[in-house]
Amino acid sequence: MTEVDDRVCALLESHWDDARGYCVPNPTTYPHLWLWDSCFHAIVWAHLGDERALRELDATLAGQLPSGLVPHMRYGGKRSDSYLGPLEATSSITQPPMFGHAAKVLAERGFMPSATTLDRARRGLDWLWRERRTREGLIYVVHPWEAGNDHSPRWDDFGAPGRTPEHYSRPARTAWNKDRMYDVSFDDAGGANWSSSFVVCPAAFNAYVAFNLAELAELLHDRELASRAEQLSETIDALLWDQDEHLWSDLPLVGGGPSSKLPTSDGVMPALVTADPAKALAALRQLDDPDRFGAPYGPANVARSHPSYDPSTYWRGPAWPPLNYLFWLAARRWYLDGAAEALASRSIDGALQSGWAEYWNPEDGIGLGAAPQTWTGLVIAMSNSNSSGGVPAVLSPSEGVSEQ
Ligand code: GLC
């Protein structure tokens, strides 16, 4: 074991709850199960060679509603302090469905998920396809908490308070997010299905769905899922590519405005799935460009030259370990080995410098948010770039592309 492996192992051990079968993201700040966090935890366990990978993936999907919706939270003990819908044990909204990718990584590392877990994962993706798809073929979310990046400047024009660093206030934005839950409507099973104030097809969320469809398709040899992945990725390119920013932008359906095109690194995520080398490279190269997202402990989550950029404020500029991990996968998919190595080394430096924080300032690596945070253990996947697994093969470009 390397020093990073040792540190990651200690981190996961200290956040593991054996009775519940999962790691909390942080015992004080985040004492429940969160969907995409636990998928990332399962990946970290698999890299540690620990069978708790399987238990954590099972736990992630165990709260699935009969409809197929996988809730973004399962409450550990008492309910969340925020209103998250009518259900008792789980929230009624979802989060990026990273369980398709997690299942594939686990299988590649010798931890084959059970048939029940794989069936749940497939039904989770089926639900998004069936219940959350527009006529044009994009996937939508009904609350910023579903998107994973709840204070992003991309949500500013949905009526949220505070845009520039001088006017933004985290408590005011949190209160606004809490109020938005009362605009959400639910189906008979208690799953969120629409909102009167916030419905949007985010580029990143669509990329996450397409990516997880492709990953699960490959694991299950499932042609239907593979064809959905391709279809979604083509629609993302056709409807969301922004030729001015060279990023993928979001498409608002209820609310929203120009902030949907704001240059955030979330707009790079479709590089995980696009079949278009020109778009992928134009977007991915910005992760290193100092005028865009390139920062010493980056990538920054908001373009450094943009007036909204605030390197120390939650989802308004800092670097986030799960995003770095996904960018790293995307860079490897496009054979950008140098860029992938740089992402790995900045992520490891950031994790160490920040004290394994939830997120950090991309300019100086100072830790922000909860610390330590379990998902920061993802650097273990990046710390050995020769390790097998994790490179998405389905939808991979057939030829290598030069970095120059
Ligand atoms: C914050 C993040 C969300 C994450 C959760 C638990 O709410 O915005 O993406 O899942 O914390 O870590």
Side-chain angles (χ1 to χ4, degrees), residues 11-12 14-17 20 22-44 56-57 59-61 63 70-76 79-85 90-99 101-102 141-155 160 168 170-171 173-178 180-181 198 200 202 204-205 207-209 212 264-266 269 301-302 310 312-327 351 354 356-360 367-378:
L11 171 62
L12 262 75
S14 68
H15 289 177
W16 173 255
D17 182 322
R20 296 193 211 155
Y22 60 83
C23 288
V24 291
N26 175 277
T28 312
T29 314
Y30 299 114
H32 306 278
L33 175 145
W34 270 262
L35 193 178
W36 75 330
D37 295 65
S38 274
C39 293
F40 292 126
H41 305 167
I43 290 168
V44 178
E56 182 120 18
L57 184 59
T60 313
L61 293 161
V70 182
H72 101 298
M73 280 173 72
R74 288 180 63 205
Y75 308 133
R79 278 180 76 118
S80 157
D81 296 337
S82 308
Y83 168 68
L84 294 169
T90 70
S91 68
S92 285
I93 56 175
T94 193
Q95 237 189 359
M98 218 44 79
F99 39 78
H101 171 59
V141 298
V142 301
H143 193 283
W145 287 331
E146 290 199 317
N149 54 350
D150 51 352
H151 288 215
S152 171
R154 284 207 173 179
W155 318 137
Y168 171 86
R170 182 163 177 186
R173 183 61 70 102
T174 300
W176 182 82
N177 276 341
K178 288 188 179 191
R180 297 288 67 70
M181 271 311 297
F198 183 97
V200 57
F205 195 91
Y208 299 147
V209 174
N212 281 276
T264 66
S265 65
D266 306 85
M269 284 302 173
N301 189 212
V302 175
D310 184 348
S312 59
T313 299
Y314 184 73
W315 290 116
R316 315 274 308 173
W320 288 79
L323 303 191
N324 285 16
Y325 169 71
L326 294 163
F327 295 140
S354 73
W356 301 84
E358 178 186 2
Y359 55 100
W360 55 78
L368 300 163
Q373 177 90 345
T374 317
W375 68 15
T376 307
L378 277 171

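Start at 1 and go down the list; that is how both ligands and their atoms are numbered. Sequence positions, counted from 1, serve as the residue numbers for this chain. All values below come from the heavy atoms of this structure, side chains included, with hydrogens, waters and symmetry mates left out.
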Close approach of H72 to ligand 1, heavy atoms, under 4.0 angstrom: no
Counting from 1, what ligand 1 atoms have a heavy atom of G148 closer than 4.0 Å? 2 (C), 3 (C), 8 (O), 9 (O)
For ligand 1, is there an N or O atom under 3.5 Å from any N or O atom of Q95? yes
Kindly confirm or rule out a cation-pi arrangement of R180 over F198, judged by NZ or CZ under 6.0 Å from the six-membered ring centre and within 45° of its axis? no
Under 4.0 Å, heavy atoms only, figure out whether ligand 1 is touched by the backbone of W145, its side chain, both or neither. neither
Give yes if a backbone or side-chain nitrogen or oxygen of W375 is under 3.5 Å from a nitrogen or oxygen of ligand 1, and no if not. no
Has S38 got a side-chain atom pairing as donor or acceptor with L35's backbone, closer than 3.5 angstrom? no
Could you tell me if N301 and S265 have a donor-acceptor pair between their side chains, going purely by distance under 3.5 Å? yes
Would you check if there is a donor-acceptor pair between the side chains of D37 and W375 at a distance under 3.5 Å? no
Atom 4 (C) of ligand 1: which of T374, N177, D37 has the nearest heavy atom? D37
Should Y314 and W320 be marked as a ring pair (Phe, Tyr, Trp, His ring centres under 6.0 Å) after you check the CA-CA gap, both sets of side-chain angles, and the distance that decides it? CA-CA 10 Å; Y314 184 73; W320 288 79; 5.8 Å; yes
Angle class for the W34/H32 ring planes (parallel below 30°, perpendicular above 60°, tilted otherwise)? perpendicular
If we number the atoms of ligand 1 from 1 as shown, the ones under 4.0 Å from a heavy atom of D150 are 8 (O)
Under 3.5 Å, side chain of N149 to main-chain N/O of S152, donor-acceptor pair present? no
Where ligand 1 meets Y314 - atom numbers and elements under 4.0 angstrom, heavy-atom basis: 1 (C), 2 (C), 7 (O), 8 (O)
Q373 neighbourhood, listing ligand 1 atoms whose heavy-atom distance to it stays under 4.0 Å: 12 (O)
